[in-house]
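One structure below.
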Amino acid sequence: MRKIISTLICFFVMVSAGTNSASAQDSVEFAAAELSEISRQYAGSAQNWSIVTAVADFDATTNRFTIGPEARRQLTRFTESWQIVDQGRFRHSELISEGATVFAAPELRTTDSLFILHRRSVNDGN
């Protein structure tokens with residue numbers, strides 16, 4: 001009985017590991033109308049659509065995009081960075097409400113310009 005349970009556990013672990021690795025390497029294909037949702041899912045926000053279109057292949061005849069495995073890995077790394085920047089924006093807003101415009105005006109201007117530069121880069125698909 002123990003051997004059967006052990007075998008079943010091994011089987012389920014291998015199947016689930018194989019499923020996860022296979023799905024992580026699959027391409028994602030979607031219609032252009034789904035770009036906003038795909039951007040939210042794979043790039044952290046719908047406003048990051050330009051990043052998705054920069055790494056995806058577009059088929060004009062079918063009006064569909066394909067995100068290959070390497071592009072998915074790039075989007076995962078981008079999303080991790082995006083979340084850090086987004087947390088920084090939130091903290092930035094908190095600091096402004098706590099008086100940063102008075103007590104740290106030069107630092108605030110520098111941070112503002114960096115956020116603007118980041119947004120431009122994302123909009124340009126970089």
Do [X] and [Y] come close enough that some side-chain heavy atom pair is under 4.5 Å?
| X | Y | result |
| --- | --- | --- |
| S39 | S45 | no |
| F30 | T66 | no |
| L95 | T111 | no |
| V122 | S50 | yes |
| N48 | W82 | yes |

Check your understanding: When you measure from the side chain of R72 to the backbone N and O of Y42, does any donor-acceptor pair fall under 3.5 Å?
Key ->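 No, R72 side chain to Y42 backbone: no donor-acceptor pair under 3.5 Å.
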Supply the atom-to-atom distance [X] [atom1] to [Y] [atom2], rounded to the nearest 0.5 angstrom.
| X | Y | atom1 | atom2 | result |
| --- | --- | --- | --- | --- |
| F65 | L35 | CZ | CG | 5.5 Å |
| D112 | I96 | CG | CD1 | 6.0 Å |
| S36 | Q41 | OG | CD | 11.5 Å |
| L108 | S113 | CG | OG | 10.0 Å |

Which residue pairs pass the salt bridge (Lys or Arg N to Asp or Glu O under 4.0 Å) test when at least one of the two sits in [range], sequence neighbours left out?
| range | value |
| --- | --- |
| residues 46-64 | E29-R64 |
| residues 78-89 | D86-R89 |
| residues 40-51 | E37-R40 |

My understanding is that only residues two or more places apart in sequence, or in another chain, count here; which of them pass side chain to side chain contact (heavy atoms under 4.5 Å, CB included) with [X]?
| X | value |
| --- | --- |
| E70 | R73, Q74, R77 |
| T79 | Q83 |
| T110 | L114 |

Check your understanding: Taking the inter-plane angle between the rings of F115 and H92 on a 0 to 90° scale, is it parallel (under 30°), tilted (30 to 60°) or perpendicular (over 60°)?
Key -> perpendicular
Exercise for review: Looking only at non-hydrogen atoms, find the nearest pair between S27 and G68 and report the distance.
Suggested key: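 The answer is OG-CA, 3.7 Å.
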